[in-house]
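FYI, side chains are in, hydrogens and waters are out, and symmetry mates aren't considered; it's all heavy atoms of this structure. As the structure lists them, so they are numbered: ligands from 1, and atoms in each ligand from 1.
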Amino acid sequence: MRFRPLTLVLILILCSVVISAAIEPISTGIAVGMAAALSGFLACYQNVLYYFHECCRQEWISYNKSGLEIDLKRKLFGQHIASRVIMKAVTGFINNKNPKKPLVLSLHGWTGTGKNFVSQLIAENIYIKGMKSNYVHQFVATAHFPHISHIDTYKTQLQQWIKGNVTSCPRSMFIFDEMDKMHAGLIDSIKPYLDYYDNLEGISYRQAIFIFLSNAGGESITRTVLDFWREGRDREEIQLKDLESALSLAVFNNKKSGFWHTSLIDKNLVDFFVPFLPLEYGHVRMCVLAEMEARDLSPDEEIAKQVASEMTYFPTEENVFAVKGCKTIGSKLDYFI
Ligand SMILES: *[C@@H]1O[C@H](CO)[C@@H](O)[C@H](O)[C@H]1NC(C)=O
Ligand SMILES: *[C@@H]1O[C@H](CO)[C@@H](O)[C@H](O)[C@H]1NC(C)=O
């Protein structure tokens with residue numbers, strides 16, 4: 001935690017000074033003194049409480065730009081475009097004192113390429129408690145909203161949650177996983193919160209952050225990266241514009257990837273589409289090393305190579321991209337150590 005014990009001690013001392021000064025029997029009426037003592041005590045008590053209990057204040061919610069930059073550089077592998085877009089999007093939004101709408105990011109790509117991980121890094125660099133913060137909410141379509149027959153209940157519930165949470169803290173973050181499996185009606189029900197309204201029923205949603213994760217466009221992104229690879233070009237040469245067709249309406253509209261995007265795109269409610277590239281052997285190896293470091297093991301190149309070679313790669317002949325990306329690294333590593 002960021003708070004130093006010294007600060008806390010100073011606050012406690014200050015509190016006792018205020019209280020004892022107020023209790024001191026000076027000529028002015030005792031009642032006044034008592035009142036002052038009480039309010040002083042309450043104010044201090046509240047301030048001390050803020051140190052221990054998360055609340056919607058700067059002590060608990062403040063953007064660490066260099067922290068996010070370092071995390072993206074050190075912990076996310078093979079995603080030069082996503083890193084750049086995320087950095088720009090989040091920094092721009094948080095530094096904007098008067099945003100016209102909430103930040104809406106849509107992350108796309110093959111499984112295991114880091115979409116969930118990036119949401120986690122963003123949360124960790126805005127909220128002291130990261131994903132455990134009371135102001136970060138994650139919804140997984142198949143887990144939270146599994147039955148189509150309950151769609152009306154889900155809609156009401158989701159709207160109440162968003163409204164309630166943003167009311168208690170404007171800087172709330174909502175992550176929707178498996179967006180391509182989410183019912184269109186449910187997506188429609190959250191649309192008003194993503195829009196350019198000054199407020200809805202007296203509540204402003206403009207400080208909130210929405211992150212959508214999906215595999216939509218993943219195949220198309222992979223095709224582009226594979227073309228680069230076959231031409232012997234450096235993957236880092238790929239630019240966002242090379243992937244524009246992969247992230248286009250046509251791709252989202254095909255049956256397989258779901259039609260969820262149309263209504264959001266039509267109204268320009270998504271601020272940034274962020275492509276995640278499929279990962280190669282070298283990236284998987286780095287994921288293993290990072291996982292070892294996270295577990296306080298000394299990094300072992302040999303084990304990293306072994307784990308990476310155990311993964312399945314595609315397309316069949318060329319074996320370029322890891323089918324599961326870095327997803328099952330953890331359990332594979334358990335097996336090797
Ligand atoms: C921001 O993040 C960096 C790197 O993780 C860390 O060293 C630094 O202490 C953080 N700054 C604040 C104010 O928490
Ligand atoms: C905030 O969202 C959570 C779901 O993540 C929900 O359980 C909770 O009731 C919501 N809080 C309010 C005040 O609506």
Side-chain angles (χ1 to χ4, degrees), residues 1-8 50-77 83 86-88 90-91 93-95 102-104 114 116-147 150-179 181-183 186-187 189-194 199-205 207-213 290 293-294 296:
M1 205 174 304
R2 203 184 283 173
F3 311 118
R4 272 165 280 150
L6 186 60
T7 334
L8 196 56
Y50 288 144
Y51 278 84
F52 298 108
H53 284 282
E54 188 187 30
C55 51
C56 185
R57 287 165 56 111
Q58 220 185 342
E59 288 91 334
W60 292 93
I61 305 176
S62 83
Y63 177 47
N64 185 346
K65 182 182 173 210
S66 59
L68 183 58
E69 205 159 22
I70 292 170
D71 278 351
L72 289 171
K73 197 173 280 172
R74 291 203 191 136
K75 299 179 185 169
L76 182 71
F77 305 113
S83 296
I86 296 275
M87 203 59 220
K88 192 178 127 206
V90 175
T91 306
F93 177 71
I94 296 207
N95 287 343
L103 176 64
V104 183
N116 261 304
F117 186 57
V118 159
S119 326
Q120 194 183 315
L121 295 182
I122 296 174
E124 280 168 6
N125 285 289
I126 296 179
Y127 305 89
I128 299 281
K129 294 181 78 177
M131 293 299 286
K132 292 201 189 80
S133 165
N134 287 327
Y135 309 117
V136 177
H137 310 275
Q138 187 163 24
F139 305 101
V140 182
T142 50
H144 287 88
F145 318 111
H147 307 295
H150 297 172
I151 185 83
D152 287 328
T153 315
Y154 295 152
K155 276 190 203 172
T156 325
Q157 202 173 44
L158 187 56
Q159 287 183 326
Q160 275 168 358
W161 283 348
I162 294 177
K163 192 173 159 187
N165 281 299
V166 173
T167 305
S168 70
C169 190
R171 181 72 87 210
S172 287
M173 182 163 147
F174 302 92
I175 302 168
F176 290 87
D177 199 355
E178 300 183 343
M179 194 66 176
K181 297 195 183 77
M182 200 151 129
H183 193 277
L186 205 48
I187 294 169
S189 74
I190 61 172
K191 255 164 56 180
Y193 307 113
L194 313 178
N199 71 70
L200 287 174
E201 297 168 10
I203 301 158
S204 168
Y205 295 85
Q207 301 289 324
I209 299 172
F210 291 84
I211 302 181
F212 301 141
L213 317 181
E293 199 183 316
D296 282 329

- Query: Of Asp177, Thr142, Ile187, which meets side chain to side chain contact (heavy atoms under 4.5 Å, CB included) against Met182?
  - Reply: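 Per the side chain to side chain contact (heavy atoms under 4.5 Å, CB included) rule, the option paired with Met182 is Ile187, out of Asp177, Thr142, Ile187.
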- Query: Would a line drawn from the ring center of Phe139 to the ring center of Trp161 be shorter than 6.0 Å?
  - Reply: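 Yes - the distance between ring centres of Phe139 and Trp161 falls below the 6.0 Å cut-off.
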- Query: Looking at residues at least two apart in the chain, or sitting in another chain, which of them share a disulfide bond (SG atoms under 2.5 Å apart) with Cys169?
  - Reply: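 Once residues adjacent in sequence are excluded, the partners of Cys169 under the disulfide bond (SG atoms under 2.5 Å apart) criterion are Cys56.
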- Task: Would you mind telling me if ligand 2 is within reach of the side chain of Gln160, the backbone, both or neither, using heavy atoms under 4.0 Å?
- Result: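 It is the backbone that gets close, since no side chain atom is under 4.0 Å.
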Tell me the protein heavy atom at minimum distance from [atom], and give that distance in Å.
atom	value
atom 5 (O) of ligand 2	His137 ND1, 3.1 Å
atom 10 (C) of ligand 2	Asn165 ND2, 2.8 Å
atom 8 (C) of ligand 2	Trp161 CD1, 3.8 Å

- Leu158 side chain reached by His144 side chain, heavy atoms, under 4.5 Å: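 Heavy-atom side-chain distance check fails, nothing below 4.5 Å.
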May I have the list of side-chain donor-acceptor pairs in residues 69-76 shorter than 3.5 Å, sequence neighbours left out?
unit_1: Asp71; atom_1: OD1; unit_2: Lys75; atom_2: NZ; d: 3.3
unit_1: Asp71; atom_1: OD2; unit_2: Asn125; atom_2: ND2; d: 3.0

- Going by distance only, is there an N or O of Asn125 that falls short of 3.5 Å from an N or O of ligand 1?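 Min N/O separation from ligand 1 is not below 3.5 Å for Asn125.
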- Message: Using a 4.0 Å cutoff against the non-hydrogen atoms of Gly164, which atoms of ligand 2 qualify?
- Response: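 Close to Gly164: 12 (C), 13 (C), 14 (O).
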